[in-house]
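First the proteins, then the strands, lettered A, B, ... as listed; each starts at 1. These values consider heavy atoms only, across backbone and side chains, with no hydrogens, waters or symmetry-generated copies.
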2 protein chains.
Amino acid sequence: MAQGVGGASKKDQKSVRADAPAAAPEGGIRRENLRRILTAAEQVFAEQGYGGATTAAIALRAGLPKANVHYYFSTKHDLYRAVLADILKQWLDPLAHVTPDSDPAQALAGYIRAKMRATRDRPVVSKVFASEIIHGAAEIEGFLTSDLKKLVDEKSAVLDGWIAEGRMAPVDTRHFFFFIWAVTQHYADFDAQVRAVLGRKKLTRRDFDAITVEVVRFILRGAGLSLPTA
Amino acid sequence: MAQGVGGASKKDQKSVRADAPAAAPEGGIRRENLRRILTAAEQVFAEQGYGGATTAAIALRAGLPKANVHYYFSTKHDLYRAVLADILKQWLDPLAHVTPDSDPAQALAGYIRAKMRATRDRPVVSKVFASEIIHGAAEIEGFLTSDLKKLVDEKSAVLDGWIAEGRMAPVDTRHFFFFIWAVTQHYADFDAQVRAVLGRKKLTRRDFDAITVEVVRFILRGAGLSLPTA
DNA sequence: GTCTATACATAGATAGAC
DNA sequence: GTCTATCTATGTATAGAC
């Protein structure tokens, strides 16, 4: 059914190929407008959810007339899929830190820090992703069951190797990844709750640094690891 | 601004007070219909989000005509607030386990298990709550900044006491609660992702028991604790 | 207290001039 | 490639018969 967001369906081609029919002088208008629309859509979807988002609101935030949005993305649904595709591209990268020959504590700390950076710098992305999964993940089912599953299988095998060698505590490695995701993304997705409980209006860069240290320490200890106190 | 979902505004009174004007014979019709509507609404809000949910869909699932839903809740927004109020009542209870004189490992394990039970038995509740927070928590801001903050302040003081006595590792206790929430609720909110990565169609009761053991062990270890291997 | 029929607003999407 | 005007569908909410 859901054939994955990445796959280019017939309807996608129009908005994906680079050689637009009668492109603008420097050819930048199309690119620029697409970026504006995608960024605006990302924010509106994060704030309102898919159902609550309106093309009018997206157009307004993008600074374009509504019909212009429909020119680039014929349906709201197409636009949503484009936003998700944009997001998924950057979702898997941070796991590159985790390789068999790396030091467990250092590699995992690197991964967790990368995730926390993403949480800090692109909270909106995390929220759209979270919202999609909470409401059933109909659009990204393909991504989850193929790309993501494959990557987790691969990386949890790496961790299983470490465990077999006695380099970290015996944990269920797949669930260990869930724990990492849960904790790191919590600070993006549930930031309203975090701020309310901490009594803070806004979390600063410095806050995030402190939180990251705490998160890294907690998760590593959960895996029977610790960083050298440099 | 948001005066909290629990507070009874003028508009709420109609749907909250027990003595309905011309109640049914056994007085059960109103109660029954309210239950049906709230349960249906909970599910539809969880699946579609607030914006995506329609009163027609809620009425359909409740097995009532649309106008009947509007009879009990004059607006969709009122109904949403009622669903949230219903949820918040049961949100704080499990923390009762955590008291100064209890054993840290046992008390925290009890709390985590209670949260995992809630995750298993009422995933829909967790999803509505999560969705609300992700999209800014406008409706429950009051609850978060008063009731929840107060409770967390109180309970984190308990943990700080344990830490001072050397009964658990020195962690930032507020963030420690965030870690617990993040991990436990992950299995309700992100179940689509969990199932996809594990390659399972459905998580059974037995799965949840196993996951709970893993979660308890992980979090306790993160706090420098462990359960006696009974 | 229930429910059919309907009013009214707004959404997504498109036609067609520029 | 852009954008005003507009069509159509759908959603929320209500009037009023039962």
**Asked** In terms of side-chain heavy atoms of Ile29(A), which of dC3(D), dG1(D), dC3(C) is nearest?
**Response** dG1(D)

**Item:** Nearest-Å distance for atom pair CG/P, residues Leu60(A) and dC3(D)
**Value:** 14 Å

**Asked** Does Lys202(A) come within less than 4.0 Å of Asp207(A), counting only side-chain N to carboxylate O?
**Response** no

**Fill in**
Among the nucleotides dC3(C), dG12(C), dA13(C), whichever has the atom closest to the side chain of Thr55(A) is dG12(C)

**Asked** Just how far, in rounded Å, is P of dA15(C) from NE2 of His70(A)?
**Response** 12 Å

**Nucleotide nearest Arg30(A) when distance is taken to its side chain, options dT12(D), dT4(C), dG1(D)** = dG1(D)

**Item:** Heavy-atom closest pair, residues Leu92(B) and Asp147(B)
**Value:** CD1-CB, 4.3 Å

**Prompt:** Looking at dG11(D), dG1(C), dT4(D), which one has an atom nearest to any side-chain atom of Thr54(B)?
**Reply:** dG11(D)

**Request:** Determine, using ring centers only, whether Phe129(B) and Phe190(A) are less than 6.0 Å apart.
**Result:** no

**Asked** Think Asn68(A) has a side-chain N or O under 4.0 angstrom from the OP1 or OP2 of dT4(D)?
**Response** no

**Asked** How far apart are the closest heavy atoms of Glu42(A) and Arg122(A), and which atoms are they?
**Response** OE2-NH2, 3.1 Å

**Item:** Ala67(A), nearest nucleotide to its side chain (from dT2(C), dT12(D), dT4(D))
**Value:** dT4(D)

**Separation of dG12(C) C1' from Ile37(A) CD1 (nearest whole Å)** = 15 Å

**Complete:** To the nearest angstrom, the CD-P distance between Gln48(B) and dT10(D) comes to 15 Å

**Prompt:** So, is Tyr72(A) near the phosphate of dT2(D), with a side-chain N or O under 4.0 Å from OP1 or OP2?
**Reply:** yes

**Asked** For Tyr71(B) and dG1(C), is the shortest distance between a side-chain N/O and OP1 or OP2 below 4.0 Å?
**Response** yes

**Prompt:** How close or far is atom P of dA13(C) from atom CG of Leu64(A), stated in whole angstroms?
**Reply:** 17 Å

**Request:** State plainly whether the residues Arg61(B) and Glu47(B) are in salt-bridge range, i.e. N to O under 4.0 Å.
**Result:** yes

**Complete:** Looking only at dG12(C), dG11(D), dG1(D), the nucleotide nearest the Lys66(A) side chain is dG12(C)

**Message:** Categorize Ala53(B) for me: base, sugar-phosphate, or nothing, with a 4.0 angstrom heavy-atom threshold over every strand shown.
**Reply:** sugar-phosphate

**Message:** Rounded to whole Å, how long is the line connecting atom NZ of Lys76(B) with atom P of dA9(C)?
**Reply:** 18 Å

**Request:** Nearest whole angstrom, please: distance from the P of dG12(C) to the OH of Tyr50(A).
**Result:** 9 Å

